[in-house]
Q: 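My structure is below; once you've seen it, I'll send some questions.
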Amino acid sequence: MKIKYELISQDKKARRGLLHTNHGTVETPMFMPVGTLANVKMLTPEEIKEVGSGVILSNTYHLWLRPDEDVVAKAGGLHKFMNYDGPILTDSGGFQVFSLAKNKKKDITEEGVHFKSHIDGKSLFLTPELSMEIQNKLDSDIAMSFDECIPYPATYEYTKESTERTLRWAKRGKDSFNNPNQSLFGIVQGGAYPKLRKYSAEKTVEMDFDGYSIGGTSVGEDKKTMYEMVDNAIKYLPEDKPRYLMGVGEPEDLLEGVERGVDMFDCVLPTRLARHANAFTPYGKINLKNAKYKEDFTPISDTCDCYTCKHYTKAYLRHLFVAKEGLGGRLLSIHNIRFLIKMTEDMRNAISEGNFIEYKEQFLEKYKN
RNA sequence: GCGUUGUUGGUGAAGUGGUUAACACAUCGGAUUGUGGUUCCGACAUGCGUGGGUUCGAUUCCCACACAGCGCC
């Protein structure tokens, strides 16, 4: 069955809802941890669940290369393969158009995109049809359309050309899509041009997807520009479908996104930062490797309810990072993901109580310091 | 005692008669937004064992001394 979005309550544009999937019902706004290679780096499925995660994200491009989608299909699909029974969303490989296609003009064609494998340098060619075929086999709950994530800055001409091509790719992908148990999201592009965002959103919505995402953000633009991109896309999206802001983000971005009506976020930030000893706290990010934590025997945050904060001190975590012990990254991944997910829980409650803006301002007042 | 080799930052070490003494590790910071697990970027010797000398100029050449290794009585 396809996913179904159910709106529960609304506070201005901020929305609280439920997402019904084949692998359970989850609440929105939600933050989705990224598990590119069929695992959220360093964490077991039990730990992912314990942290309150709704959906996790995995990646078509990476699983295509290794182990390859047929292996996953033989295992019985992505859920069985990785032993995760919650909802999974797969990114289409569109972001790799941004990060791996070196020569945009030459590598990106109407038919598809030429890549060099980041593993062995082999030449690869990914098309909308192939991305759908791989995702159909992976059998995630939500598949993403194959798009081009446009760099920033980009000229109006290039953005227009690319945005139109992404629309044609979306249509081709949808036409070849072949898995009745899987949902498919369309992706709004249009770069930083309001006119193109509107065009992309309206044309994408016409194709009638199961959900819509806003792509092409967090690619180097300033925050003001990013929030404008969201504003200029989201007003054309239907109320009865989930909205997903791709690749975002930082705590302040979640607040700004939810305020504008975003339901879903994903970001590598909590896990990547964790591997490099950076921790989210209510008072901003801290670097646990700093010498000042050498004898700090308090938790990262005394108001955090995560496993790590309940059992370990900053001094111990610092020791693990300085000694390059993997447990540090693991414990901090738990904390950082929990931090963002707890934020979404608090935001949901604030929406229900009609005081989202107050929550946001209180949060930011502390966090900015 | 004689001969010989060596003495460069917290560590291992390059190097040159002439503007800022290489590099690595350690240390100390910073970055990270549809993954970079081992990543990226900064800072870090006012000084080359000590004291003299030669020279316009010495960490580099010379002498003495100190210390360390090796060899010989």
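In what follows, chains carry the letters A, B, and so on, assigned in the order in which the sequence lines appear, proteins first and then strands, with residues in each chain numbered from 1. Values reported hereafter were calculated over all heavy atoms of this structure, with side chains retained and with hydrogens, waters and symmetry mates removed.
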Q: Would you mind building the protein contact string for nucleotides 28-35 of chain B? One character per nucleotide, 5' to 3', B for base within reach (heavy atoms under 4.0 Å), S for sugar-phosphate only, - for untouched.
A: SSSBBBBB

Q: Under the ring-ring contact (aromatic ring centres under 6.0 Å, His included) rule, collect the residues that match up with Phe177(A), sequence neighbours excluded.
A: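 Phe177(A) satisfies ring-ring contact (aromatic ring centres under 6.0 Å, His included) with no residue once adjacent residues are dropped.
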
Q: Once side chain to side chain donor-acceptor pair (under 3.5 Å) is applied, do any residues pair with Asp305(A), and if so which ones, sequence neighbours excluded?
A: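 Result, side chain to side chain donor-acceptor pair (under 3.5 Å) vs Asp305(A): Arg338(A).
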
Q: Please list, chain by chain and in numerical order, all residues satisfying side chain to side chain donor-acceptor pair (under 3.5 Å) with Asn232(A), sequence neighbours excluded.
A: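 Applying side chain to side chain donor-acceptor pair (under 3.5 Å) to Asn232(A) gives none.
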
Q: Whole angstrom is fine here: how far is it from NE2 in His118(A) over to C1' in G37(B)?
A: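 My rounded result for the distance is 13 Å.
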
Q: Pick the C1' atom in U59(B) and in C48(B), then give their distance to the nearest Å.
A: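 Pairwise C1' distance, U59(B) against C48(B), rounds to 4 Å.
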
Q: Whole Å only: how far is the CD1 atom of Ile119(A) from the C1' atom of G37(B)?
A: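 Ile119(A) atom CD1 is separated from G37(B) atom C1' by 15 Å.
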
Q: Suppose you measure atom C1' in C72(B) against the same atom in A13(B); what distance do you get, rounded to whole Å?
A: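 It comes out at 32 Å once rounded to the nearest Å.
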
Q: Under the side chain to side chain donor-acceptor pair (under 3.5 Å) rule, collect the residues that match up with His20(A), sequence neighbours excluded.
A: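 Only Glu6(A), Thr25(A) meet the side chain to side chain donor-acceptor pair (under 3.5 Å) criterion with His20(A).
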
Q: Any Lys/Arg nitrogen of Arg66(A) or Asp120(A) sitting under 4.0 Å from an Asp/Glu carboxylate oxygen of the other?
A: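 Salt bridge between Arg66(A) and Asp120(A), a charged N being under 4.0 Å from a carboxylate O: no.
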
Q: Check residues 213-221 of chain A and write down every donor-acceptor pair under 3.5 Å in which the side-chain atom is one partner and the other belongs to a residue at least two apart or another chain.
A:
| unit_1 | atom_1 | unit_2 | atom_2 | d |
| --- | --- | --- | --- | --- |
| Ser213(A) | OG | Gly186(A) | O | 3.4 |
| Thr217(A) | OG1 | Met246(A) | O | 3.3 |
| Ser218(A) | OG | Gly247(A) | O | 3.2 |
| Glu221(A) | OE1 | Ser218(A) | N | 3.4 |
| Glu221(A) | OE1 | Val219(A) | N | 2.8 |
| Glu221(A) | OE2 | Ser218(A) | N | 2.6 |

Q: With syn defined as a glycosidic angle within 90° of 0 and anti as everything else, classify G12(B).
A: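 Anti, angle beyond 90° from zero.
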
Q: Quantified in whole Å, what is the P atom distance between nucleotide A64(B) and nucleotide G1(B)?
A: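 To the nearest whole Å, 15 Å.
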
Q: Between C28(B) and C67(B), how far is it from one P atom to the other, in whole Å?
A: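 Comparing P positions in C28(B) and C67(B) gives a spacing of 36 Å.
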
Q: Taking A58(B) as the reference, what is the distance to U50(B) when you measure between their P atoms (whole Å, please)?
A: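 Roughly 15 Å separates the two P atoms.
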
Q: What pairs with Lys224(A) under side chain to side chain donor-acceptor pair (under 3.5 Å), at least two apart in sequence or on another chain?
A: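 Applying side chain to side chain donor-acceptor pair (under 3.5 Å) to Lys224(A) gives Glu228(A).
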
Q: Expected output is a numbered-order residue list: members of residues 77-88 of chain A with a heavy atom under 4.0 Å from any atom of RNA chain B. What is it?
A: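 RNA chain B contact set from residues 77-88 of chain A: none.
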
Q: Pairs in or reaching into residues 18-37 of chain A: which pass salt bridge (Lys or Arg N to Asp or Glu O under 4.0 Å), with residues at least two apart or in two chains?
A: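 Of all non-adjacent pairs touching residues 18-37 of chain A, those that pass salt bridge (Lys or Arg N to Asp or Glu O under 4.0 Å) are Arg16(A)-Glu27(A), Glu27(A)-Arg348(A).
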
Q: Just to be sure I understand: a Watson-Crick pair is purine N1 to pyrimidine N3 plus N6-O4 or O6-N4, both under 3.5 Å. Using that and G-U wobbles, which stems of three or more pairs involve RNA chain B?
A: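 Stem segments, range with range: B:1-7 with B:66-72, B:10-12 with B:23-25, B:27-31 with B:39-43, B:49-53 with B:61-65.
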
Q: Using the salt bridge (Lys or Arg N to Asp or Glu O under 4.0 Å) rule, collect all pairs that involve residues 178-199 of chain A, keeping only residues at least two apart or in two chains.
A: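 Every pair satisfying salt bridge (Lys or Arg N to Asp or Glu O under 4.0 Å) with a residue in residues 178-199 of chain A: Lys198(A)-Glu202(A).
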
Q: How far, in whole Å, is G10(B) from A43(B) if one measures between their C1' atoms?
A: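 These two C1' atoms come out 15 Å apart once rounded.
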
Q: Considering only the P atoms, how many Å lie between C73(B) and U55(B), rounded to the nearest integer?
A: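 Between the two P atoms, the distance is 44 Å.
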
Q: Salt bridge or not between Lys360(A) and Glu365(A)? Use side-chain N to carboxylate O under 4.0 Å.
A: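 Glu365(A) and Lys360(A): not salt-bridged.
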
Q: Sequence neighbours left out, what pairs pass side chain to side chain donor-acceptor pair (under 3.5 Å) with at least one residue falling in residues 313-325 of chain A?
A: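 Listed once each, the pairs are Thr298(A)-Lys314(A).
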
Q: Suppose you measure atom C1' in U39(B) against the same atom in A66(B); what distance do you get, rounded to whole Å?
A: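 The same atom, C1', in both gives a distance of 48 Å.
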
